[in-house]
Number of protein chains: 2
Amino acid sequence: MIEEPKGQAMQLDGRLSRMMHLLIHMDRANGPITSGEAAEMLHTNPVVIRRTMAGLRDVGFVRSIKGHAGGWTLLKPLESISMLDVYKAVGQPRIFAIGLADPAPDCLVEQAVNASMTSALEKAEALLIAQLGEVTLAAIAKDFDRRFSASCANSP
Amino acid sequence: MIEEPKGQAMQLDGRLSRMMHLLIHMDRANGPITSGEAAEMLHTNPVVIRRTMAGLRDVGFVRSIKGHAGGWTLLKPLESISMLDVYKAVGQPRIFAIGLADPAPDCLVEQAVNASMTSALEKAEALLIAQLGEVTLAAIAKDFDRRFSASCANSP
DNA sequence: TTCATATGTAATGTCTGAAGTTACATATAT
DNA sequence: ATATATGTAACTTCAGACATTACATATGAA
């Protein structure tokens, strides 16, 4: 049997999923969480945390405090933050990996192809955005609680 | 409202749109189209054409003939080829540029985040696949005919 | 003040996959 | 034979997220 390398898959933009993860941890924390602590939680680097959290700070979801006893604090309740809010806060990353070869071609055939492709992609994007808007971080946190209870049920 | 930066063409996978474009041209052509001719149509390289068309040949949509008077020929009517068929033929490229930071995390919080993300992405993907399945290349070719007539109406 | 601690950010390196390119082997009409 | 075409391997290029290094700046405590 051939061993699959599979250390990490492809180069996906994980900012949305990472920030959701972190915000829920921050809601659970007592005091501020430092970039170093957050980096450990997300298995990444403190600078990556600061860089990505900057967007969340800009829209007022979190606050950062420098120096001793500093770190990051959640400012808004999870009920008020949807997945879509986080998506926007991290800069609305490009959604699709597939797309048009040329967005403004001279060829009328390619224009017709682009029209069909764009129509399909836009519908899928609209549904995704709608889905992201329907789920709050509080709902995800609640799902976590359910999973946590279930995992504890298996321990004496 | 957040203004999207929305720059130029990034690193998108254009194989689906390119092959659709080319197949419609092949349907319009009298004889075989060479990789060189196709490359000019798509503003790319003959090797890229051969590489990508190989998938379409494997599923029987086209045939390639070597040597003098060789090239690529369409084997099936555009009515019988959907966008989804082409998508599959080019290897079902990855659809999304966003995704999970870690597909199999230990952290239960991240597992809950992943569940929500996956749910949203899967619904959007299902809709996209459905859209691709509903449109044949013949329908796109017909749309081209409309555009062509419209463009001729502006000429004496 | 002095110093350990944290964030802010620029600069640089790493990684991945489509696309582009070069080179050459192979097949086929004339 | 030769010109023409495909088939592939083996590169290079490119873009963007992520990782890392380095240093400036701010802050609380001894």
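Every heavy atom of this structure was used, including side-chain atoms; hydrogens, water molecules and symmetry mates were not. Every chain is numbered from 1, with letters handed out A, B, ... down the list of sequences. Quantities reported herein were computed from a predicted structural model and do not represent experimental measurements.
Listed pair A/Arg50 / C/dT7 meets the phosphate criterion, a side-chain N or O lying under 4.0 Å from OP1 or OP2. Within the structure, every side-chain polar atom (N or O) of B/Arg57 is placed at least 4.0 Å from both OP1 and OP2 of D/dT6. Using a 4.0 Å cut-off, no side-chain N or O of B/Ser35 falls inside it from OP1 or OP2 of D/dA5. Residue A/Ser64 has a polar side-chain atom (N or O) positioned under 4.0 Å from OP1 or OP2 of C/dG8. The side chain of A/Thr44 contributes no N or O atom lying less than 4.0 Å from OP1 or OP2 of D/dC18.
Minimum atom distance to the side chain of A/Arg18 is reached by D/dC18, of the listed C/dT7, C/dA19, D/dC18. Of all nucleotides listed (C/dT9, C/dT21, D/dT4), C/dT21 comes nearest to the side chain of B/Val48. Checking D/dG16, C/dT9, C/dA18 against the side-chain heavy atoms of A/Gln11 singles out D/dG16 as nearest. Distances from the side chain of B/Thr34 to the nucleotides D/dT21, D/dA5, D/dA19 place D/dA5 closest.
If you find the closest nucleotide of DNA chain D to A/Pro93 and to A/Gly67, the one lying nearer the 5' end belongs to A/Pro93. Between B/Thr52 and A/Gly36, the residue anchored nearer the 5' end of DNA chain C, judged by the nucleotide with its closest heavy atom, is A/Gly36. Heavy-atom distances to DNA chain C give each of A/Lys66 and A/Arg51 a nearest nucleotide, and the one nearer the 5′ end belongs to A/Lys66.
Between the NE2 atom of A/His43 and the P atom of D/dA19 there is a distance of 12 Å, rounded to whole Å. Rounding to whole angstrom units, CG of residue A/Leu12 and C1' of C/dC15 are separated by 13 Å. At whole-Å resolution of the value, CG in A/Leu42 and P in D/dT20 are 14 Å apart. Per the geometry, CD1 belonging to B/Ile65 stands 15 Å off C1' belonging to D/dG7, to the nearest Å. The distance between atom CG of B/Leu56 and atom C1' of D/dG7, rounded to the nearest whole Å, is 16 Å. In this structure, CD1 of B/Ile98 is placed 16 Å from P of D/dG16, rounded to the nearest angstrom. The interatomic distance linking A/His68 (NE2) with C/dT7 (P) rounds to 12 Å, in whole Å. At whole-Å resolution of the value, CG in A/Asp13 and P in C/dG17 are 16 Å apart.
Side-chain contact, A/Thr52 with A/Arg15: no donor N or O sits under 3.5 Å from an acceptor N or O.
For B/Asp58 (side chain) and B/Ala89 (main-chain N/O), no donor-acceptor pair under 3.5 Å exists by modelled atom type. A/Ser151 places a side-chain N or O within donor-acceptor distance of the main-chain N or O of A/Phe148, the cut-off being under 3.5 Å.
Using a 4.0 Å heavy-atom cutoff across all strands shown, B/Asn45 reaches at least one base atom of the nucleic acid.
Salt-bridge check for A/Lys142 with A/Asp145: failed, with every basic side-chain N at 4.0 Å or more from each acidic carboxylate O.
Listed by first and then second residue, the ring-ring contact (aromatic ring centres under 6.0 Å, His included) pairs involving residues 31-53 of chain A amount to none (not counting sequence neighbours).
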Residue pair B/Ile33, B/Met41: steps toward the side-chain contact (heavy atoms from CB on, under 4.5 Å) verdict:
CA-CA 10 Å; B/Ile33 288 183; B/Met41 290 176 182; 3.8 Å; yes
